[in-house]
Amino acid sequence: MRLSRFFLPILRETPKEAEIVSHRLMLRAGMMRQEAAGIYAFLPLGLRVLRKIEQVVREEQNRAGAIEMLMPTIQSADLWRESGRYDAYGKEMLRIEDRHEREMLYGPTNEEMITEVFRAYCRSYKDLPLNLYHIQWKFRDEVRPRFGLMRGREFLMKDAYSFDVDYAGARHAYNRMFVAYLRTFARLGLKSIPMVADTGPIGGNLSHEFIILASTGESEVYCHKDYLDFPVPDESVNFDDVVGLQSIVDKWTSLYAATSEKHEAAEFAKLPAEKQVSARGIEVGHIFYFGTKYSEPMKAVVSGPDGIERAVHMGSYGIGPSRLVAAIIEAFHDDAGIKWPEPVAPFKVAILNLKQGDGATDAACETLYRDLAAKGVDALYHDLDERPGSKFATADLIGVPWQVVIGPKGLASGTYEVKKRADGSRETLSPAATLDLLSR
RNA sequence: CGGAGCAUAGCGCAGCCUGGUAGCGCACCUGCUUUGGGAGCAGGGGGUCGCAGGUUCAAAUCCUGCUGCUCCGACCA
């Protein structure tokens with residue numbers, strides 16, 4: 001992408017409403033724009049990151065055996081009356097009325113709807129196990145939206161729902177998602193720690209929050225230090241291996257880890273002092289097993305081998321891709337701007353032409369840009385007539401992992417300077433070596 | 001929902017107390033000079049001062065009401 005043909009409204013100063021670093025940087029880097037309290041438009045740069053995150057989430061859900069579908073944002077109130085949550089959910093739910101004065105709502109979650117879909121088609125234990133998910137916008141009318149995307153009212157959520165014939169099956173479904181989450185966050189460059197969680201208004205009795213540590217985190221969390229170095233299962237993990245998955249989950253739940261709601265100071269105090277981690281955390285995923293809480297009232301039942309109908313055991317599993325955009329920035333930034341982990345970066349490379357209009361530099365940039373494109377490398381070519389300092393600042397701000405600096409000075413010796421945004425290290429490389437390094 | 005603020009050009013702000021030509025920096029446009037860490041000079045464009053009432057010869061400024069947004073708290077994926 002040529003910057004001259006892209007839409008990247010960089011702000012040099014920070015809008016005053018932005019308090020936390022991810023919010024500030026997203027506004028400054030031209031990633032999003034606030035349209036109302038807690039409601040944001042994604043601008044092109046922000047959307048690129050959101051899509052990358054979404055794709056990683058999708059791939060890992062699919063790998064774990066979940067099947068993607070797409071449910072609507074608007075739901076009928078009747079569905080929620082069946083589960084009893086229409087009244088229970090309170091003012092967080094945005095209630096709307098259509099032209100026929102039917103009561104509708106903008107979905108804050110989809111347990112009711114997915115249960116309705118399930119019961120319409122599935123009658124036999126032979127239809128199980130089943131895990132359906134979608135990635136869709138949700139709305140929760142928070143009393144006080146804040147921190148930009150971190151705590152918006154409208155947010156993108158991946159929510160998966162599992163259906164099993166009994167607890168054992170549901171437990172395995174839960175473990176699949178547990179492991180899928182470990183892998184998902186690791187691929188996004190994050191160290192996530194599963195913590196025993198409060199089940200909240202959704203209910204149930206088996207639940208973990210996946211937390212990443214960040215000094216700006218919303219809640220206080222406590223865990224054993226060893227979690228930070230636990231190995232994450234690689235892609236060879238067999239999601240059908242019941243015993244194998246259980247052992248991974250057992251390992252990842254063997255040590256102390258809890259959010260403040262579930263924190264037990266006495267237990268925590270038993271850890272050796274040097275193993276006690278007390279930090280701020282950001283919740284980026286949440287998984288629940290809630291049994292027959294919805295299947296019973298909504299009559300989602302299947303016949304077992306014995307011919308007897310039983311309500312299915314369910315679980316739900318959420319990840320907030322839009323929140324992750326902010327969470328990743330909280331984890332990876334410095335004073336100059338964002339430092340995207342490569343898997344979610346909006347572009348892999350930024351080409352900085354230090355002397356736009358100069359025949360030799362223009363030609364070198366064009367060649368590199370074309371060669372990278374030919375290798376399938378997504379590059380942003382800064383081809384505007386700006387001064388070098390301004391181009392450096394922009395590149396640092398938007399956080400592209402690699403910067404290739406091309407100017408008369410280097411070209412005199414036939415070289416480019418390649419800077420790695422993550423650690424600021426620089427190398428002077430030949431064009432061929434540059435291409436080789438960046439197309440790996 | 002309790003408490004506290006803010007609202008003046010795209011962004012950051014001054015002006016308000018003490019009513020009288022709407023300003024500054026950045027950004028934007030034109031020209032020239034510049035070009036390895038947010039350039040310099042010169043010229044220029046852009047505003048129903050959040051909205052609605054009221055007071056006054058005169059309101060960004062004083063008064064009343066409303067709306068939007070932010071922060072702290074309670075709540076929360």
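Each chain gets a letter, A, B and so on, in the order its sequence line appears, and its residues count up from 1.
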How far does the P atom of B:G12 sit from the matching atom of B:U30, given to the nearest Å?
25 Å
Pair A:Lys420 + A:Glu427, salt bridge at N-O below 4.0 Å:
no
Going by purine N1 to pyrimidine N3 plus the second Watson-Crick contact, or the G-U wobble pair, all under 3.5 Å, which nucleotide sits opposite B:A59?
none
Does B:U35 have a Watson-Crick or wobble partner in any strand here, with both distances under 3.5 angstrom, and which is it?
none
Under 4.0 Å, heavy atoms only, any strand: does A:Gly410 hit a base, just the sugar-phosphate, or nothing?
base
Atom-pair distance (CD on A:Gln136; C1' on B:A77), nearest Å:
15 Å
For the side chain of A:Arg387, counting heavy atoms from C-beta on, which of B:C75, B:A39, B:G36 is nearest?
B:A39
Please give, in whole Å, the distance from B:G36 P to A:Asp385 CG?
13 Å
Can you tell me how far P in B:A7 sits from the matching atom in B:G45, rounded to whole Å?
28 Å
For B:C16, which nucleotide is its Watson-Crick or G-U wobble mate, given both distances must be under 3.5 Å?
none
Given the P atoms of B:G5 and B:C75, what is the spacing between them in whole Å?
24 Å
Using a 4.0 Å heavy-atom cut-off across all strands, classify A:Lys138 as base, sugar-phosphate, or nothing.
nothing
Counting the atoms with a prime plus P, OP1 and OP2 as sugar-phosphate, which does A:Thr14 contact under 4.0 Å by heavy atoms, base, sugar-phosphate, or nothing?
sugar-phosphate
Classify the side chain of A:Glu386 and the base of B:G38 as holding, or not holding, a donor-acceptor pair under 3.5 Å.
no
Write down the distance separating the C1' atoms in B:A42 and B:U48, rounded off to the nearest Å.
33 Å
What's A:Val405 touching, base or sugar-phosphate or nothing? Going by heavy atoms closer than 4.0 Å.
base
Distance, rounded to the nearest Å, where A:Glu111 contributes CD and B:A77 contributes P
12 Å
Nearest whole angstrom, please: distance from the C1' of B:G10 to the CG of A:Leu27.
13 Å
Decide yes or no, distance alone: a donor-acceptor N/O pair under 3.5 angstrom between the base of B:G73 and the side-chain of A:Arg146.
no
Out of B:A77, B:C71, B:G36, which has the shortest distance to the side chain of A:Glu19?
B:C71
Check: A:Gln34/A:Tyr40 side-chain N/O donor and acceptor closer than 3.5 Å:
yes
Mapping A:Gly152 and A:Ala18 onto RNA chain B by nearest heavy atom, which one lands closer to the 5' end?
A:Ala18
Counter-base of B:A42, judged by Watson-Crick or G-U geometry with both distances under 3.5 Å
B:U30
Over all strands shown, is A:Arg426 touching base, sugar-phosphate only, or nothing at heavy-atom distances under 4.0 angstrom?
base
Please measure how far the P atom in B:G50 lies from the corresponding atom in B:C16, and state the result in whole Å.
15 Å
Taking for each residue the nucleotide of RNA chain B bearing the nearest heavy atom, is the 5' side occupied by A:Glu92 or by A:Glu13?
A:Glu13
Ignoring the backbone of A:Lys91, work out which of B:C11, B:C76, B:C1 is nearest its side chain.
B:C1
With heavy-atom distances below 4.5 Å as the criterion, would you say the side chains of A:Tyr161 and A:Tyr133 are in contact?
no
Considering just the side-chain nitrogens and oxygens of A:Gln34, establish if one lies under 4.0 Å of OP1 or OP2 belonging to B:G68.
no
Using a 4.0 Å heavy-atom cut-off, does A:Asp396 contact any base of the nucleic acid, only the sugar-phosphate backbone, or nothing at all?
base
Looking at A:Arg140 and A:Glu92, is any side-chain nitrogen of the basic one under 4.0 Å from a carboxylate oxygen of the acidic one?
no
Whether the side chain of A:His172 engages the backbone of A:Phe239 through a donor-acceptor N/O pair (distance < 3.5 Å, no angle test) should be reported.
yes
So which nucleotide from B:U35, B:G36, B:C69 ends up closest to the side chain of A:Lys409?
B:G36
Just to be sure I understand the rule, does A:Glu209 reach a base, reach only the sugar-phosphate, or reach nothing, if contact means heavy atoms closer than 4.0 Å?
nothing
Grab the CD-P distance between A:Glu283 and B:C75 for me, whole Å please.
15 Å
Name the closest nucleotide to the A:Arg28 side chain, picking from B:G37, B:G38, B:A7.
B:G38
Before giving the answer on ring pair (Phe, Tyr, Trp, His ring centres under 6.0 Å), spell out for A:Phe288 and A:Tyr174 the whole-Å C-alpha distance, their side-chain angles and the decisive distance to 0.1 Å.
CA-CA 8 Å; A:Phe288 293 92; A:Tyr174 184 91; 9.0 Å; no
Donor-acceptor check, side chain of A:Ser207 to backbone of A:Ile287, threshold 3.5 angstrom: yes or no?
yes
Quick one: do the A:Ser162 and A:Tyr317 side chains pair a donor with an acceptor below 3.5 Å?
yes
The side chain of A:Glu17 is closest to which nucleotide in this list: B:G12, B:G36, B:G37?
B:G12
Using atom C1' in both nucleotides, what's the gap between B:G20 and B:A59 to the nearest angstrom?
10 Å
Which base, if any, makes a Watson-Crick or G-U wobble pair with B:A22, both distances under 3.5 Å?
none
Ring centroid separation for A:Phe347 and A:Phe6, is it under 6.0 angstrom?
yes
What is the distance from CD1 of A:Ile319 to P of B:A77, rounded to the nearest Å?
16 Å
Considering Watson-Crick and G-U wobble pairs with both distances under 3.5 Å, what does B:G73 pair with?
B:C1
Gap between atoms CZ and P, on A:Arg12 and B:C28 respectively (whole Å)
9 Å
Give a yes/no answer on whether the side chain of A:Arg144 brings an N or O atom under 4.0 Å of OP1 or OP2 in B:U70.
no
Roughly how many Å apart are B:A27 and B:G19, using the P atom of each and rounding to a whole number?
37 Å
Where the side chain of A:Arg151 is defined as all heavy atoms beyond and including C-beta, which of B:C72, B:C11, B:C75 is the nearest nucleotide?
B:C75
Choose from B:C1, B:C71, B:G36 the nucleotide whose nearest atom is closest to any side-chain atom of A:Phe392.
B:G36
B:A60 and B:G73: how far apart are their P atoms, nearest whole angstrom?
38 Å
Classify the nucleic acid contact of A:Gly407 as base, sugar-phosphate or nothing, counting any heavy atom under 4.0 Å across all strands shown.
base
